[in-house]
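Written below as structure tokens is the structure these notes are about.
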Amino acid sequence: MKFLSGYRKMAALVAASFAITGVLSLCSGCGSETQKAASSEASSAAVSSSSQTALKSGVAVVHRDAGVKYSVPEGVSVLMYHMIGNEQGNAAIMSEANLRIQMNYLRDHGYHPITMQELYDYVTKGAALPEKPVCITFDDGYLDSYTIVYPLMKEYGFPWTLFVITDNVGQPYNRMTWDQLKEMAESHTVTISNHTLSHPKLHNLATAKEKENEIVGANQALKYHLGIDNAWLAYPYGDYDDEIIKICKKAGIKMAVTTDSGRVHAGSYPYDLKRVYIGNDISIARFSERLNKDNYTPV
């Protein structure tokens, strides 16, 4: 849920400029050789980026085959998961079996999961991404993100992002501990990011100070416990407004994701990024559709 003034028009203009630039570059001669050079440069950049982030806590480092082709995609699906388990009657809780089926689909159909930094560079600079990119995110910090998701993503070699509610860390019911998060942060297989201190509807908080405390406090907790200098945020309930965006910028947040449905594009406003809901009620056919379409079939 968003309460913004005029950002979408600005984002549309930026997106259009990226599209025009892409068309001009494709029409400027050398055809396949130009595309090979771009792919080579993007691949080299990915290697350089990996080496630069290798020692940063809580940042996923990508390992891709040197032959992976890069280009600027028309759009990217940012997949939004929550809890993994076998609880009945709650479609938002994905079964482990269905999660594995979906990861198999990504692997077998040539998809390449990307990091938040890669997504940010695509959104803000129109940077090239590996062919068939997708961004995998999990919200909240449930224990199953450590016991199920973490080993599964390592098995597939997929970078992913975990948005953590920091005040819930160490709570007795189905929550991760700081020691578990530290292990994950030091593995460089997952990017650990901000989902606020306590998961409120930020727009409904009475004062700017309260809003700032939720965002800045969570960043401070990630820094204190894990040594993470975090730049990414998932708005609880997808709820935000202009004041919250100003707080994010002041706090060093460079990009934030919502719960609004749709894909992300070059030129999308980085504090207003859509995501693609994935729950246990999403068939593999609908999963495939959500990887490739903006106006996919609703649940």
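Start at 1 with the first residue, then count along the sequence.
Scanning all heavy atoms of the two residues, the minimum distance from Ser193 to Trp232 falls at OG-CD1, 3.3 Å. The nearest pair of heavy atoms linking Cys248 to Leu233 is SG-CD2, 3.5 Å. Shown here for Asn194 and Ala218, the closest heavy-atom pair between the two residues is OD1-CB, 3.3 Å. Nearest heavy atoms, Pro159 versus Gly157: CD-O, 3.6 Å. The minimum heavy-atom distance between Pro200 and Glu214, with the atom names listed, is CD-OE1, 3.4 Å. Across all their heavy atoms, Ser57 and Ile228 have their closest contact at O-CG1, 3.5 Å.
In this structure, a donor-acceptor pair under 3.5 Å is absent between the side chains of Thr258 and Arg275. For the 3.5 Å distance criterion, the side chains of Gln102 and Asn98 fail to qualify, holding no donor opposite an acceptor. Remark: the Ser71 side chain and the Glu131 side chain contain no N/O donor-acceptor pair separated by less than 3.5 Å. At a cut-off of 3.5 Å, with distance as the only test, no side-chain donor of His199 or Asn168 sits close to an acceptor on the other residue. The closest side-chain donor-acceptor pair between Asp239 and His203, if any, does not fall under 3.5 angstrom.
Atom OH of Tyr224 has 12 or fewer heavy atoms from other residues, nucleotides or ligands within 6.0 Å. At most 12 non-hydrogen atoms from other residues, nucleotides or ligands lie less than 6.0 angstrom from CG of Asn295. Within 6.0 Å of CD in Glu96 there are 12 or fewer heavy atoms belonging to other residues, nucleotides or ligands.
Residues meeting the side-chain contact (heavy atoms from CB on, under 4.5 Å) test with Leu106, sequence neighbours left out: Met103, Tyr111, Val134, Ile136, Phe158, Phe287, Leu291. With sequence neighbours left out, Asp281 forms a salt bridge (charged side-chain N to carboxylate O under 4.0 Å, His left out) with no residue at all. Residues passing the ring-ring contact (aromatic ring centres under 6.0 Å, His included) test with His112: none are found, sequence neighbours excluded. With sequence neighbours excluded, the residues satisfying side-chain contact (heavy atoms from CB on, under 4.5 Å) with Pro270 are Val123, Thr124, Met255. Partners of Lys223 according to the side-chain hydrogen bond (donor to acceptor under 3.5 Å, both in side chains) rule, which considers only residues two or more places apart in sequence or in another chain, are Asp229.
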From CA spacing to verdict: side chain to side chain donor-acceptor pair (under 3.5 Å), Thr189, Ser187:
CA-CA 5 Å; Thr189 60; Ser187 75; 2.7 Å; yes

For a salt bridge (charged side-chain N to carboxylate O under 4.0 Å, His left out) check, start with the C-alpha distance between Lys274 and Asp260, then their side-chain angles and the critical distance, and finish with the verdict.
CA-CA 5 Å; Lys274 296 178 178 180; Asp260 294 338; over 6 Å; no

Assess whether side-chain contact (heavy atoms from CB on, under 4.5 Å) is satisfied between Tyr235 and Thr259, documenting all intermediate values.
CA-CA 8 Å; Tyr235 301 115; Thr259 58; over 6 Å; no

For the pair Glu210 and Leu202, evaluate side-chain contact (heavy atoms from CB on, under 4.5 Å) and give the outcome as yes or no after the intermediate values.
CA-CA 9 Å; Glu210 290 177 276; Leu202 292 170; over 6 Å; no

Test salt bridge (charged side-chain N to carboxylate O under 4.0 Å, His left out) on Lys132 and Glu74 and set out the steps.
CA-CA 10 Å; Lys132 303 181 81 170; Glu74 185 275 328; over 6 Å; no

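Using a 4.0 Å cut-off between charged nitrogen and carboxylate oxygen, Arg100 and Glu155 count as a salt-bridge pair. Salt bridge status for Arg175 with Asp144: absent, with no side-chain N to carboxylate O gap under 4.0 Å.
For the salt bridge (charged side-chain N to carboxylate O under 4.0 Å, His left out) condition, the pairs that include at least one residue of residues 183-192, sequence neighbours left out, are Lys182-Glu186.
Aromatic ring orientation, Tyr269 versus Tyr271: tilted (interplanar angle from 30° to 60°).
No option in Asn280, Val149, Leu152, Leu143 other than Val149 meets the side chain to side chain contact (heavy atoms under 4.5 Å, CB included) test with Ile84.
Grouping the Ile, Leu, Val, Met, Phe, Trp and Tyr side chains by contacts below 4.5 angstrom, directly or via other members, places Val299 with Ile284. Cluster membership for Leu162 and Leu197, using ILVMFWY side-chain heavy atoms within less than 4.5 angstrom, is not shared. One hydrophobic cluster holds both Leu181 and Val190 under the rule that ILVMFWY side chains link at heavy-atom gaps under 4.5 Å. Follow the hydrophobic side-chain contacts under 4.5 Å out from Met94 and you reach Met176 in the same cluster. Under the 4.5 Å side-chain heavy-atom criterion for Ile, Leu, Val, Met, Phe, Trp and Tyr, Ile93 and Ile282 are members of distinct hydrophobic clusters.
With rounding to the nearest 0.5 Å, the separation of CD in Glu87 from CG in Asn174 is 9.0 Å.
Within the cation-pi definition used here (under 6.0 Å to the ring centroid, within 45° of the axis), Lys125 does not qualify as a partner of Tyr122.
The ring of Trp160 has its center no closer than 6.0 angstrom to the ring center of Tyr81.
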